[in-house]
Number of protein chains: 2
Amino acid sequence: MGKSQTGQALERLREMVFSGDLPPDSNHYEADLADQLGMSRTPVREAALTMQAQGLVEVQPRRGVRILPISSEDMADIYDVLCELESLAAQRAAEIGYAKEDLQVAQDCIDEMDAALSKQDRNLWAKADDRFHTELVRLGGNKRVVEVVARYSDQVRRARMMTLPLRPLPVKSNEDHRAVLCAIERGDAQQAKDVHRAHRVEARTLLTNLIREFGLRRL
Amino acid sequence: MGKSQTGQALERLREMVFSGDLPPDSNHYEADLADQLGMSRTPVREAALTMQAQGLVEVQPRRGVRILPISSEDMADIYDVLCELESLAAQRAAEIGYAKEDLQVAQDCIDEMDAALSKQDRNLWAKADDRFHTELVRLGGNKRVVEVVARYSDQVRRARMMTLPLRPLPVKSNEDHRAVLCAIERGDAQQAKDVHRAHRVEARTLLTNLIREFGLRRL
DNA sequence: CTTAACAATAACGTATACATTAACGTATGC
DNA sequence: GCATACGTTAATGTATACGTTATTGTTAAG
């Protein structure tokens with residue numbers, strides 16, 4: 001998919017949505033996007049329809065492609081889902097009983113997050129955090145859970161990036177990550193589940209409050 | 001979307017997938033499908049790409065549109081997700097504290113299921129059961145949960161229909177439904193969640209075993 | 001008989017042309 | 001001045017044409 005025009009359109013449009021280059025709640029005509037991407041309308045349209053199915057945009061007649069904004073309600077809904085499914089993944093990962101070397105990728109992510117924290121580099125931290133959660137879910141072994149988490153992580157990606165400078169340094173977050181991974185390593189499924197759920201509930205509260213407090217619109 | 005060619009293609013192709021008219025693991029050229037539907041390749045292709053994003057088919061160069069089959073592992077994965085999210089919905093519905101009249105639709109579904117059972121009409125029961133679960137999830141008030149449940153219900157729809165005649169009459173199922181609705185009406189969130197989770201775990205076990213026992217392929 | 005190269009085929013990916021249709025502005029009637 | 005009807009316009013929805021490319025079958029060499 002990476003080499004076809006449609007694949008490239010998808011990749012670049014997604015990037016433009018995540019970066020805020022195409023701002024939330026803005027509309028864009030297919031022809032304009034096609035010009036920007038240097039291709040015809042067809043691959044742009046196909047990419048837009050795919051992104052519509054992914055819940056990132058809305059394609060409406062004569063209004064172009066609308067970038068869907070994320071409200072605090074959306075954020076709450078999405079984190080509810082992430083909370084349930086990620087904590088299930090953590091539980092399952094512990095039940096599977098991975099060897100220490102199987103958890104190396106996750107461990108590396110945590111180390112990177114530590115390094116990012118000491119440099120106070122929030123962006124770097126966010127990337128490693130994202131990778132950690134993706135890896136954790138992968139370890140859970142349920143492909144649909146992986147799908148859903150990826151999908152909704154995409155939907156909140158832009159909003160997370162934009163609120164990143166407003167957050168306190170996520171020190172507590174890293175302790176949680178270590179605790180979850182430790183529980184998985186010990187095979188303590190209940191603990192892994194509980195700790196990760198609490199971790200996600202906190203993220204949910206933090207983010208929804210942040211949006212409300214700052215009266216953020218157009219996320 | 002219902003009036004455009006693309007919308008019709010989507011509607012009809014989905015129906016053809018659910019009914020088994022396009023059998024699981026079969027491949028279909030875009031041009032052939034376009035002929036069958038009496039339209040050009042463009043709307044068919046757009047519909048196929050949308051369905052690919054929904055996880056119903058796979059679009060591959062020179063192999064046409066492949067109808068994705070459901071294995072027992074897929075079934076287990078999907079029911080894990082449904083289990084978590086539907087039981088969350090039941091919990092939330094109970095917390096919201098609906099008045100009796102707000103639960104009328106769900107109650108009607110249960111009544112229909114009872115009627116279907118007494119007539120031993122499995123198909124009628126299945127339809128009402130589907131509506132009940134959809135309504136339950138709607139009552140939970142989380143739009144993303146509604147989305148995910150709808151999506152995965154679609155993915156297992158064909159497999160459920162094909163295994164329907166192999167199942168015992170779902171008498172126990174109806175007791176569960178009544179118990180969940182009763183708990184929601186009383187506002188007993190914990191009970192609603194627990195009962196519904198157990199209900200879904202049973203469905204998961206039943207269906208995955210059924211597939212394995214009968215050695216069903218190509219679902 | 002097996003295998004590799006090559007040519008024919010056919011399905012797709014993409015561009016483009018055209019029909020459709022909703023939105024907007026203008027003009028006309030009251 | 002206001003509302004309505006109509007024509008213009010522009011963006012989409014759809015069809016179609018065509019270049020690209022993987023696959024298949026054939027042929028020839030080993």
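Sequence lines set the chain letters: A, B, ... in the order given, protein chains first and strands last, and positions in each chain run from 1.
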Interatomic distance, B/Leu82 atom CG to B/Arg151 atom CZ [nearest 0.5 angstrom] = 12.0 Å
Can you list every salt bridge (charged side-chain N to carboxylate O under 4.0 Å, His left out) pair that touches residues 13-24 of chain B, not counting sequence neighbours?
-> B/Arg14-B/Asp154
Spacing of B/Leu49 atom CG relative to C/dC12 atom C1', expressed in whole Å | 11 Å
ring-ring contact (aromatic ring centres under 6.0 Å, His included) against A/His28, all qualifying residues, sequence neighbours excluded = none
Report the distance from atom CZ of B/Arg63 to atom P of D/dT21, rounded to the nearest whole Å.
-> 18 Å
Contacts table for residues 56-63 of chain A: side-chain donor-acceptor under 3.5 angstrom, sequence neighbours left out:
| residue | atom | partner | partner atom | Å |
| --- | --- | --- | --- | --- |
| A/Glu58 | OE1 | A/Arg66 | NH1 | 3.1 |

Interface polar pairs with nucleotides 13-19 of chain D, N/O, under 3.5 angstrom:
| residue | atom | partner | partner atom | Å |
| --- | --- | --- | --- | --- |
| D/dG13 | OP2 | A/Arg45 | NH1 | 2.3 |
| D/dG13 | OP2 | A/Arg45 | NH2 | 2.9 |
| D/dG13 | N7 | A/Arg41 | NH2 | 3.0 |
| D/dG13 | O6 | A/Arg41 | NH1 | 3.1 |
| D/dT14 | OP1 | B/Gln5 | N | 2.2 |
| D/dT14 | OP2 | B/Thr6 | N | 3.3 |
| D/dT14 | OP2 | B/Thr6 | OG1 | 2.9 |
| D/dA15 | OP2 | B/Ser40 | N | 2.9 |
| D/dA15 | OP2 | B/Ser40 | OG | 2.4 |
| D/dA15 | O5' | B/Ser40 | OG | 3.2 |
| D/dA15 | N7 | B/Thr42 | OG1 | 2.8 |
| D/dT16 | O4 | B/Thr42 | OG1 | 3.4 |

Between P of C/dC12 and OH of B/Tyr29, the distance in whole Å | 7 Å
Rounded to the nearest Å, what distance is computed from the CG atom of residue A/Leu10 to the P atom of nucleotide C/dG13?
-> 14 Å
Rounded interatomic separation in angstrom, taking CD from A/Gln52 and P from D/dT12 = 13 Å
With sequence neighbours excluded, give me every salt bridge (charged side-chain N to carboxylate O under 4.0 Å, His left out) pair touching residues 39-50 of chain B.
-> A/Arg45-B/Glu46, A/Glu46-B/Arg45, B/Glu30-B/Arg41, B/Glu30-B/Arg45
Contacts satisfying salt bridge (charged side-chain N to carboxylate O under 4.0 Å, His left out) that involve residues 98-109 of chain B (not counting sequence neighbours) are B/Lys100-B/Glu185
